[in-house]
Colleague: 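Can you read through this structure? Questions will come right after.
Since the structure is predicted, the reported quantities are computational estimates derived from the model, not experimental observations. Reminder, nothing fancy here: chain letters follow the sequence lines and each chain counts from 1.
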Amino acid sequence: MRTRVPKYLLGAAFGAVATTLLIGTTAMAEELDPVAKLGEQTSLLWIVLGAALVIFMQAGFALVETGFTQKKNAAEVMSTNFAIFGLGFVGFLFVGFPLAFGGFGTVPGQFGLTPMNGTGLPAVGGEFTGIFYWGYTHLGDAATPALLGFFLYMVAFMDTVATIPTGSMAERWKWKSFVWWGLFCGALYYPLFAAWTWGGGWLAKSWETLHLGAGYVDFAGSGVVHAVGGAAALAGAIVLGPRIGKFGPDGKARAIPGHNIPMAMLGCLILLFGWFGFNAASTFSSTDVQFATVAANTAIAGALGTVVAMYYITWKTGKPDPGMMVNGMLAGLVAITAPCAFVSPWAAAVIGAVAAVLAIEAVFFIERRKIDDPVGAIAVHGVCGTFGVLAVGIFANGKYGAGWNGSTTTGVAGIIKGEWGQLGAQGLGVLVIWTVIFGIAFGFFKIQNKFTKGGIRSTEEDELAGLDLPEMGVLAYND
Amino acid sequence: MRTRVPKYLLGAAFGAVATTLLIGTTAMAEELDPVAKLGEQTSLLWIVLGAALVIFMQAGFALVETGFTQKKNAAEVMSTNFAIFGLGFVGFLFVGFPLAFGGFGTVPGQFGLTPMNGTGLPAVGGEFTGIFYWGYTHLGDAATPALLGFFLYMVAFMDTVATIPTGSMAERWKWKSFVWWGLFCGALYYPLFAAWTWGGGWLAKSWETLHLGAGYVDFAGSGVVHAVGGAAALAGAIVLGPRIGKFGPDGKARAIPGHNIPMAMLGCLILLFGWFGFNAASTFSSTDVQFATVAANTAIAGALGTVVAMYYITWKTGKPDPGMMVNGMLAGLVAITAPCAFVSPWAAAVIGAVAAVLAIEAVFFIERRKIDDPVGAIAVHGVCGTFGVLAVGIFANGKYGAGWNGSTTTGVAGIIKGEWGQLGAQGLGVLVIWTVIFGIAFGFFKIQNKFTKGGIRSTEEDELAGLDLPEMGVLAYND
Amino acid sequence: MRTRVPKYLLGAAFGAVATTLLIGTTAMAEELDPVAKLGEQTSLLWIVLGAALVIFMQAGFALVETGFTQKKNAAEVMSTNFAIFGLGFVGFLFVGFPLAFGGFGTVPGQFGLTPMNGTGLPAVGGEFTGIFYWGYTHLGDAATPALLGFFLYMVAFMDTVATIPTGSMAERWKWKSFVWWGLFCGALYYPLFAAWTWGGGWLAKSWETLHLGAGYVDFAGSGVVHAVGGAAALAGAIVLGPRIGKFGPDGKARAIPGHNIPMAMLGCLILLFGWFGFNAASTFSSTDVQFATVAANTAIAGALGTVVAMYYITWKTGKPDPGMMVNGMLAGLVAITAPCAFVSPWAAAVIGAVAAVLAIEAVFFIERRKIDDPVGAIAVHGVCGTFGVLAVGIFANGKYGAGWNGSTTTGVAGIIKGEWGQLGAQGLGVLVIWTVIFGIAFGFFKIQNKFTKGGIRSTEEDELAGLDLPEMGVLAYND
């Protein structure tokens, strides 16, 4: 498929984005090729639609997590997922966005071709050079539609990271402690790894410094979003400890069934819908028709994940457990998120199928390690996100991603094409997530726990009674 | 940002829309600039997608209102929100649409630049001159895709108005009386103020007649939709009177908690999603990239509204009440709806934050006035809609809206830019809403109440038992 | 309205799709008209967005069916609707897609003009000639974005068919038997009629062979999707027999009320939203602005269906039954699906109104025939789908569909334009659905019933207890 965009369009992409949409110099804009300009305008529409779809995923996460937890905590769990949208948003708006995309280690702008790769937008023309200028730029009168569209898409991704730990830490997390997590995630936690990868940082550049394939490649965030969120979910679940009664005196796990299975399934279907924005709009371009391949691969992996999870859990337990079908679909979707643009449909099917089995086994493994994750967030986002990052290094078919990360590659290629370097870059990213990024999350929760009166965990009394009345002041369900 | 569309595109916009899409003269269409034409086609797609998103908001309103009310009325409250879509639609299809956009005081067509402003579409070319011709035009074989796309977008906005009073009047409104409201709102109530503003009427032209800024400016309807709906919500709540037991013998308000908080929160997140269509697609153009600024401002105001509401209600009552967080997000979204295209992101943040505080205080204020609004519709839509209209006159940065309402303005500018005229136009609109429009709604409900046997309020017996069985014949929940 | 696309665009459409998007020959692509190419790229975006909307309809069906059935089966009914997405998908991915669109009786490609008509994509250039080549094509490295986008849209339609019988067969269907249906529907059941119509098969060509109008015309699938799904729903309901207790010893039907009316209404509103993708994106083109007419007609029929159903059921029973309002809206939407691009708005209103009455009468008729359909799927999809197919032959206004099915027609025209041939083609399609296709479904369930130990129906014990624990191993609601 390679680069199907004629050269003049590529050239125009640099010019059009930089001048028309970003810098907005009317004088220059009028000199542009009108076709290229129209393509850029439609691309920006695609980004905004994609952002809306990803923001809608907040509803999906909220329903999945609330449905899979207990009735007595339903208002609280739903509210964490609701409030996190605003909390993470505020942190990202004022601090995180400039940090992640403000020009640290920028690579030449590639908006229109490989836009989530490198700082793309800001670096074009070298106009944006520092965090303070940026802070002004996207909040003040000089903010351009393209920059704000880019911000909107990016803030939606950050909020996905922020909401993942609300699942693993559900039913025993103090509201006031949770609030700090939301702000921290938007301002600092998410932006760091984002800067190192999509922000054009050292992992993106590892093709140059370490000769690793095209550098760290993660199309829509199996790693940058899901594994990073999953790492925080694991850290938080460890610091909080398991819910009262989750593990019996004999150490055996006890099932604490969710209070509303249809709610969780609705949430999962909303996530499936939103994922088309999450993955396909990550082309950042409506003229890069790879978005259609991405969308189909996403659906294929989700479908295979569902079916394989159903058969696998039936084989293991005799019943097609709805919770595992949900996690199977989500596992497939999470795992395909990094490789979706780089693999063929058959590989998307394999990735979805493997992810479903991985997620189910990981749920049981995590439980055996006495870690209590009420909704399976660590397994789905952490484990399958990690698998998705590595899957790029295995299944990438070399047909897409020319010049990714500013590299000289003619297409991201994995082991199936005889290339091992890409898997190295992906492995390096995984290593960083599970050491540095996990360490930061763990440190955050540990320190917060130490300096919070009574710790970040709810009192035993509140937990047993349910958090709704003591934390939120209302019950989820009345009558 | 000014007009980033090159002049030939503007010229083409007039021609393309008028001839290709609207009048559909193939002969003329072939002479058009193919790039401009493609832009118009994509713009029409954006309008249709926007309409679908706004129509989906009916689900959001339904869930918010049903979740915040009692279990015993859940089928009835949900059904009013469901049926209103069709009832308002029928009134608008056959009567309201021609009334609102049929050519009363049309200004020169501005489709593609400031399309929600003036009659835009119909006025182009002077082809459409009267209500009867229009009635034929959009129902018969001569109906064009562009006209029908415009109708679809507009009918969705009308239905939002129609559904707002179903919240404030919930749990004590007779179904048969409600039905008449739906038809009346679609046929007459909504179209009047819409004709005066978006229809190119006297408020739109107040820049000319009264020298008020660019005339009444309301990008996506803080006033035309939300305050107008909120005025009807207030009128209806007054005529119906409070629910039995809402105010004790001592006159103190008693909390009647909603029956399903997660349902209401899901509804709010659906509204957030749909709002991107509500606001951003109000550019009526995919080549006016201001849609991206609009979308980002919308999200910013919603996020700030959520967070500020959480802190404010916690400060007031000690708990982050989920109902107030929902109303805080909606308050921010409602308030940014008029100014979203005209303000910088920092102002969107301020507007969202102020709206949240306003909404919470208004909820308590309205309650103290012994008006019973089960879901806070008057506070959210009426008060924050009004604030949003005025916010244009305060925060507009002068960078967008050149030529709005056919005026000679180079951009809508508010007090922060030293301009006071715009606030005058906005204040005039607010005055009209809360006198004339409120008066019409109040008169409608009063007269209907007088001429309906037993009045428009449910019998005491039905209200105490719950409206589901007596009105709908079924219970919301069985088993 | 006729063909508003200038001739050079039509020519380009053939070339652009075939070479740029499908075959992806960069060398040829660069020679293309850049405007036409940009139009094709945006068209592909529209198809992908449409596919996402249709896939989201799975959530709508799931909620409608679960809400209208009993609490004790809620996890099972929800899970069938959830799992069917993956099951049908797998069958279609590996078998059904090549069967339906792999080149049986292809007509010359018409992508961009009448794309759902004939094999369109594959036939262009004669490149794709056989099922095996196709199987490879859409799964391997040679898969193009356009082909995958087309696949994604088509798989979403198939899944709608697959999920329809989960409604009529709810509350008494063994999970393991259901699983086979999902695979069978995706692999064989849906593809057959799809191949005969949208796949360019003998019904599409009946204009040539039997001189019937423009051949079988079904814009977005009143027949190909809804009636075909409804036929399977009827077959399955007959084979399973009614639920225990549905018909008393006196043979009279007993109402078994749904457990969650708000859930069902939310589902219906999600379906309304998704229907804009279902119908409007079936232009397969963003440059064929008929999508706006389609979208408006869809909303008009849904609105009229709702309102007429409300009045009609109130007239019949005294109450505006929420279930009938839901089925009224769905009836209108199903019926307009075939004619939406070919009729004027007034006709859309008539079709929606008639469909609502038809659906309600059909519900009672089916019940009188002792067939138990818990959610009204046969009435809504089967009966109104059939009516929609015939409505093309009655109300088509002759302004759209020039050259449809490769015919020489200048526009699809029905009885109101004095043409009777089209109704013949439509009637032939209806006949085939209710004989051949129904027969296949009936045979499938009969044979499966015979060869399944204990039959495909749940045991009496499970049915009485509710299927959730015995089939899924969990309850839908805990606490």
Side-chain angles (χ1 to χ4, degrees), chain A residues 20-21 24 26 29-30 34-35 38 40-42 44-45 47-49 51-53 55-56 58-59 62-63 66 74-75 77-79 81-83 85-87 89-90 93 138-141 143-146 148-149 151-152 155-156 175 179 260 263 266 468 471-479, chain B residues 1-4 6 8-9 33 35-36 38-39 42 46 49 53 70-72 257-262 265-266 268-270 272-273 276-277 280 286-287 289-293 295-297 299-300 302-307 310 317-323 325-326 329 344-346 349 397 399:
Chain A
T20 319
L21 299 176
T26 308
E30 290 188 5
V35 177
L38 185 56
E40 293 297 333
Q41 291 163 338
T42 309
L44 190 56
L45 181 62
I47 293 169
V48 167
L49 286 170
L53 284 165
I55 286 172
F56 188 40
Q58 296 293 318
L63 295 174
T66 306
V77 174
M78 193 80 191
S79 292
N81 279 279
F82 183 88
F85 170 74
L87 291 166
F89 197 114
V90 166
L93 180 68
H138 78 285
L139 291 173
D141 288 6
T144 59
L148 290 171
F151 164 77
L152 188 66
V155 80
W175 179 267
V179 167
N260 195 325
M263 178 188 273
L266 168 61
D468 281 6
E471 287 285 13
M472 314 310 297
V474 298
L475 291 173
Y477 308 104
N478 285 287
D479 280 302
Chain B
M1 194 160 307
R2 207 61 58 89
T3 56
R4 54 183 61 259
Y8 80 88
L9 264 181
D33 180 333
V35 177
L38 185 55
T42 309
W46 180 211
L49 285 170
L53 283 165
Q70 298 168 84
K71 195 175 181 179
K72 65 182 181 183
H259 87 287
N260 196 326
I261 298 301
M265 293 196 133
L266 168 61
C268 184
L269 291 172
I270 289 176
L272 171 65
F273 176 54
F276 290 104
S286 65
T287 57
V289 290
Q290 192 72 352
F291 61 73
T293 301
N297 278 344
I300 289 169
L304 266 289
T306 311
V307 171
M310 184 198 77
T317 69
K319 308 273 182 194
D321 181 61
M325 289 199 287
V326 164
M329 181 187 280
S344 298
W346 69 265
N397 61 15
K399 301 189 69 189

Colleague: Could you look at A/L63 and say if it's the side chain, the backbone, both or neither that has a heavy atom under 4.5 Å from chain B?
Modeller: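 Only the side chain of A/L63 comes within 4.5 Å of chain B.
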Colleague: Of the non-hydrogen atoms in A/A52 and B/F273, which two are nearest, and what is the gap between them?
Modeller: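 Between these two residues, the closest heavy atoms are O-CD1, 3.2 Å.
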Colleague: For chain A, find which of B/V326, B/I300, B/N397, B/T317 contributes the most heavy-atom pairs closer than 4.5 angstrom.
Modeller: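 Heavy-atom pair counts peak at B/I300.
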Colleague: Which residues pass the side chain to side chain contact (heavy atoms under 4.5 Å, CB included) test with A/N81, not counting sequence neighbours?
Modeller: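 Partners of A/N81 under the side chain to side chain contact (heavy atoms under 4.5 Å, CB included) test: A/F61, A/A62, A/E65, A/V77, A/T163, A/T166.
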Colleague: First locate atom CG of B/L38, then atom CG of A/L38, and finally report the distance between them rounded to the nearest 0.5 Å.
Modeller: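 Answer for the CG-CG pair, B/L38 versus A/L38, is 5.0 Å.
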Colleague: Roughly how far, to the nearest 0.5 Å, is CD1 of A/I47 from CZ of B/F291?
Modeller: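 Between atom CZ of B/F291 and atom CD1 of A/I47 there are 8.5 Å.
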Colleague: Could you measure the distance from the CD atom of B/Q290 to the CG atom of A/L148? Nearest 0.5 Å is fine.
Modeller: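 Answer for the CD-CG pair, B/Q290 versus A/L148, is 9.0 Å.
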Colleague: When heavy-atom pairs shorter than 4.5 Å are enumerated against chain B, which of A/T66, A/V155, A/V48 gives the highest number?
Modeller: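 Of the options given, most contacts go to A/V48.
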Colleague: Quick check: do B/L266 and A/L266 have side-chain heavy atoms less than 4.5 Å from each other?
Modeller: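 Yes, side chains in contact.
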Colleague: Would you give the length of the straight line joining atom CG of A/L49 to atom CH2 of B/W46, rounded to the nearest 0.5 angstrom?
Modeller: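 So the CG of A/L49 and the CH2 of B/W46 are separated by 5.0 Å.
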Colleague: Which one wins on heavy-atom pair count under 4.5 Å against chain A: B/C268, B/A296, B/G39, B/G305?
Modeller: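 Max contact count across the listed options: B/A296.
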Colleague: If you count heavy-atom pairs under 4.5 Å between each of B/L272, B/T306, B/I270, B/L304 and chain A, which one has the most?
Modeller: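 Result: the option with the highest number of such pairs is B/L272.
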Colleague: Testing the basics here: between A/D141 and B/K399, what is the closest heavy-atom pair and its distance to 0.1 Å?
Modeller: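 The pair with the smallest heavy-atom distance is O-NZ, 2.5 Å.
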Colleague: For A/L152, which atoms come within 4.5 Å of any heavy atom of chain B: side chain, backbone, both, or neither?
Modeller: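 The answer is the side chain of A/L152.
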Colleague: Would you call B/I261 and A/M78 a side-chain contact if the rule is heavy atoms closer than 4.5 Å?
Modeller: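 They are not in contact (no side-chain heavy atoms under 4.5 Å apart), so the answer is no.
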Colleague: Considering residues at least two apart in sequence or located in another chain, which fulfil the ring-ring contact (aromatic ring centres under 6.0 Å, His included) criterion with A/F89?
Modeller: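 So A/F89 forms a ring-ring contact (aromatic ring centres under 6.0 Å, His included) with A/F85, A/F151.
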Colleague: Given the options B/G277, B/A280, B/G258, which has more heavy-atom pairs under 4.5 Å with chain A than any of the others?
Modeller: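 That would be B/G258.
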Colleague: Between B/M310 and chain A, which part of the residue has a heavy atom less than 4.5 Å away: side chain, backbone, both or neither?
Modeller: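 The side chain, not the backbone.
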Colleague: If every non-hydrogen atom of A/Y477 is compared with every non-hydrogen atom of B/N260, which pair is closest and at what distance?
Modeller: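 Of all heavy-atom pairs spanning A/Y477 and B/N260, the closest is CE2-OD1, 3.3 Å.
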Colleague: Identify the heavy atoms of A/G473 and B/K319 that sit nearest to each other, and give their distance.
Modeller: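 Closest approach of A/G473 to B/K319, heavy atoms only: N-CD, 3.8 Å.
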Colleague: For A/F82 and B/M325, which heavy atoms make the closest approach, and how far apart are they?
Modeller: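 The answer is CE2-O, 3.6 Å.
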Colleague: Do B/P257 and A/V474 touch side chain to side chain, with heavy atoms closer than 4.5 Å?
Modeller: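 No - every pair of side-chain heavy atoms lies 4.5 Å or more apart.
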Colleague: Side chains of B/P320 and A/W175: does their closest heavy-atom pair fall under 4.5 Å?
Modeller: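 Yes - at least one pair of side-chain heavy atoms lies under 4.5 Å apart.
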Colleague: Given side chains that start at C-beta, do those of B/S286 and A/Q41 come closer than 4.5 Å, heavy atoms only?
Modeller: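 No, too far: nothing below the 4.5 Å cut-off.
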Colleague: Quick check: closest heavy atoms across A/A476 and B/P262, and the distance to 0.1 Å?
Modeller: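 Smallest interatomic distance, heavy atoms only, reads O-CD, 3.8 Å.
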